[in-house]
Student: 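Take a look at this one; I'll ask things after.
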Amino acid sequence: ETFCSIIGSMIFVLFSMLFWRNTEIMENQNTLIFIPLMLLFLVVHPKFINTIILISNKLFKKQIGKIKFNFYSIITCVLLYALNWFFLSAGLLFLFKAFLFNVEVNFFEIGGISCFSGIIGIIAIFTPGGLGVREGVIIIILSNFISLEFASIFAIVSRLWTTFISEITSLVVFKSLYKYFILLKS
């Protein structure tokens, strides 16, 4: 699940970077974005994943089973995670416009930055939930588009937003599972 989420968000980040305004980060690098985008689709191939699992089995002397999904299933899962990041980014853009309505920033800038910060937050194993790391990445990158103060406000508000959304989702899933198991017992 984490693998598909990271790959899906990386696809969304790279795709969104095609639509960023030219800043210090994106100085006519649009053609270079297609190379890692295509490589990501190769990384999710079952043969590649099973090779990585085989190497990690030997390296860590642990047995992790091979995946039994086909390429189409993995691509579908990754693209659904990319769609998930798309909707999360849309919510963040509406939230951004609600608090900072005078600031010009487009959907792909907000979406790409929030997804990239999410990736870094997932990878940062030294903090729980990427706390602080994710916000720092948002502030550093978003300050190329807007003022540092607005970037800081957005970083905090986006953390509250994503926490709220994940808690609501967890409650819905928990309530659904609870009802399912109660019905199953009776």
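This chain uses plain numbering: 1 for the first residue, then up along the sequence.
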Student: What is the minimum heavy-atom distance between Gly129 and Arg159, and which atoms define it?
Tutor: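 In terms of heavy atoms, the two residues are closest at O-NH2, 3.2 Å.
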Student: Out of curiosity, does Ile165 fall in the hydrophobic cluster containing Ile156 (side-chain heavy atoms, cut-off under 4.5 Å, transitive links)?
Tutor: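 Looking at the clustering, Ile165 is in a separate group from Ile156.
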Student: Would you give the length of the straight line joining atom NZ of Lys58 to atom CD1 of Ile53, rounded to the nearest 0.5 angstrom?
Tutor: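 Spacing of NZ (Lys58) from CD1 (Ile53) equals 13.5 Å.
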Student: Kindly compute the distance separating CH2 (Trp161) from CZ (Phe94), expressed to the nearest 0.5 Å.
Tutor: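 The CH2 atom of Trp161 sits 10.0 Å away from the CZ atom of Phe94.
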Student: Hey, what else clusters with Leu148 if you join Ile, Leu, Val, Met, Phe, Trp, Tyr whenever side-chain heavy atoms sit under 4.5 Å?
Tutor: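 In the cluster with Leu148 are Ile139.
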Student: Parallel, tilted or perpendicular, judged at 30° and 60°: which one describes the rings of Phe15 and Phe19?
Tutor: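 Because their plane-to-plane angle is over 60°, the rings of Phe15 and Phe19 count as perpendicular.
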Student: For atom CZ of Phe71, decide whether the heavy atoms of other residues, nucleotides or ligands shown that lie under 6.0 angstrom number more than 12.
Tutor: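 Yes, CZ of Phe71 has more than 12 neighbouring heavy atoms, counting only those of other groups under 6.0 Å.
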Student: Hey, could you give me the OG/NZ distance between Ser56 and Lys61, rounded to the nearest 0.5 Å?
Tutor: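 The OG atom of Ser56 sits 12.5 Å away from the NZ atom of Lys61.
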Student: Holding to side-chain contact (heavy atoms from CB on, under 4.5 Å), I want the full list of residues that pass it with Leu40, two or more places apart in sequence or in another chain.
Tutor: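 Per chain and number, Leu40 pairs via side-chain contact (heavy atoms from CB on, under 4.5 Å) with Ile7, Met10, Ile11, Leu14.
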Student: Could you pull out the closest heavy-atom pair between Ser9 and Ile119, with the gap in Å?
Tutor: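 The answer is OG-CG1, 3.0 Å.
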Student: Does the side chain of Ile141 reach to within under 4.5 Å of the side chain of Ser117, using non-hydrogen atoms?
Tutor: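 Side chain of Ile141 against side chain of Ser117, heavy atoms only: no contact under 4.5 Å found.
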Student: Mind checking what makes side-chain contact (heavy atoms from CB on, under 4.5 Å) contact with Phe107, not counting sequence neighbours?
Tutor: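 Result, side-chain contact (heavy atoms from CB on, under 4.5 Å) vs Phe107: Phe12, Phe86, Ser89, Ala90, Leu93.
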Student: Show every side-chain hydrogen bond (donor to acceptor under 3.5 Å, both in side chains) that has at least one partner inside residues 79-88, sequence neighbours left out.
Tutor: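 Matches after skipping sequence neighbours: Glu1-Tyr81.
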Student: Quick check on the hydrophobic clustering: are Val157 and Leu131 connected, directly or via other members, by side-chain heavy-atom contacts under 4.5 Å?
Tutor: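 In one cluster: no.
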Student: How many angstroms lie between atom CG of Leu54 and atom NZ of Lys47, to the nearest 0.5 angstrom?
Tutor: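 The distance works out to 14.5 Å.
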Student: Does CZ in Phe108 sit with more than 12 non-hydrogen atoms of other residues, nucleotides or ligands closer than 6.0 Å?
Tutor: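 Check passes, neighbour count above 12.
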Student: Is there a side-chain contact between Ile49 and Phe3, using heavy atoms and a 4.5 Å cut-off?
Tutor: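 The answer is yes, as the side chains (C-beta and beyond) meet within the 4.5 Å cut-off.
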Student: Side chain to side chain contact (heavy atoms under 4.5 Å, CB included), that's the test. Do Phe164 and Leu160 meet it? Break it down for me.
Tutor: CA-CA 6 Å; Phe164 175 74; Leu160 295 173; over 6 Å; no
Student: Same cluster for Phe116 and Ile123 if Ile/Leu/Val/Met/Phe/Trp/Tyr side chains link at under 4.5 Å?
Tutor: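 Result: yes, single cluster for both.
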Student: Should Ile122 and Ile52 be counted in the same cluster of Ile, Leu, Val, Met, Phe, Trp and Tyr side chains packed under 4.5 Å apart?
Tutor: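 Ile122 and Ile52: one cluster.
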Student: State, to 0.1 Å, how close Val105 and Lys97 come at their nearest heavy-atom pair, and which atoms those are.
Tutor: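 Nearest pair, atom of Val105 first, then Lys97: O-NZ, 3.5 Å.
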Student: Set out, in order, the CA-CA distance, both residues' side-chain angles and the distance that settles side chain to side chain contact (heavy atoms under 4.5 Å, CB included) for Leu142 and Glu109, then state yes or no.
Tutor: CA-CA 8 Å; Leu142 196 57; Glu109 292 164 350; 5.6 Å; no
Student: Roughly how far apart are Phe41 CZ and Ile74 CD1, rounded to 0.5 Å?
Tutor: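 So the gap between those two atoms works out to 13.0 Å.
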Student: Measure the spacing between CD1 of Ile75 and SG of Cys4 and express it to the nearest 0.5 Å.
Tutor: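 These two atoms lie 9.0 Å from each other.
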Student: Taking all non-hydrogen atoms of both residues, which atom of Ser143 and which atom of Ile140 are closest, and how far apart?
Tutor: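 Nearest heavy atoms, Ser143 then Ile140: OG-O, 2.8 Å.
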Student: Which residues, ordered by chain and number, are linked to Ile55 in its hydrophobic cluster, where ILVMFWY side chains connect at heavy-atom gaps below 4.5 Å, directly or through other members?
Tutor: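 Answer for Ile55: none, a lone residue.
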Student: If hydrophobic clusters are built from ILVMFWY residues whose side chains come within less than 4.5 Å, do Ile110 and Leu83 share one?
Tutor: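 Ile110 clusters together with Leu83.
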Student: So do the side chains of Phe48 and Leu42 get within less than 4.5 Å of each other, counting heavy atoms only?
Tutor: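 Side chain of Phe48 against side chain of Leu42, heavy atoms only: no contact under 4.5 Å found.
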Student: Sequence neighbours excluded, which residues qualify as side-chain contact (heavy atoms from CB on, under 4.5 Å) partners of Ser158?
Tutor: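 Per chain and number, Ser158 pairs via side-chain contact (heavy atoms from CB on, under 4.5 Å) with Leu92, Arg134, Ile138, Phe154.
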Student: In terms of heavy-atom contacts, does CD1 of Ile168 have more than 12 from other residues, nucleotides or ligands at under 6.0 Å?
Tutor: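 Count over threshold, so yes.
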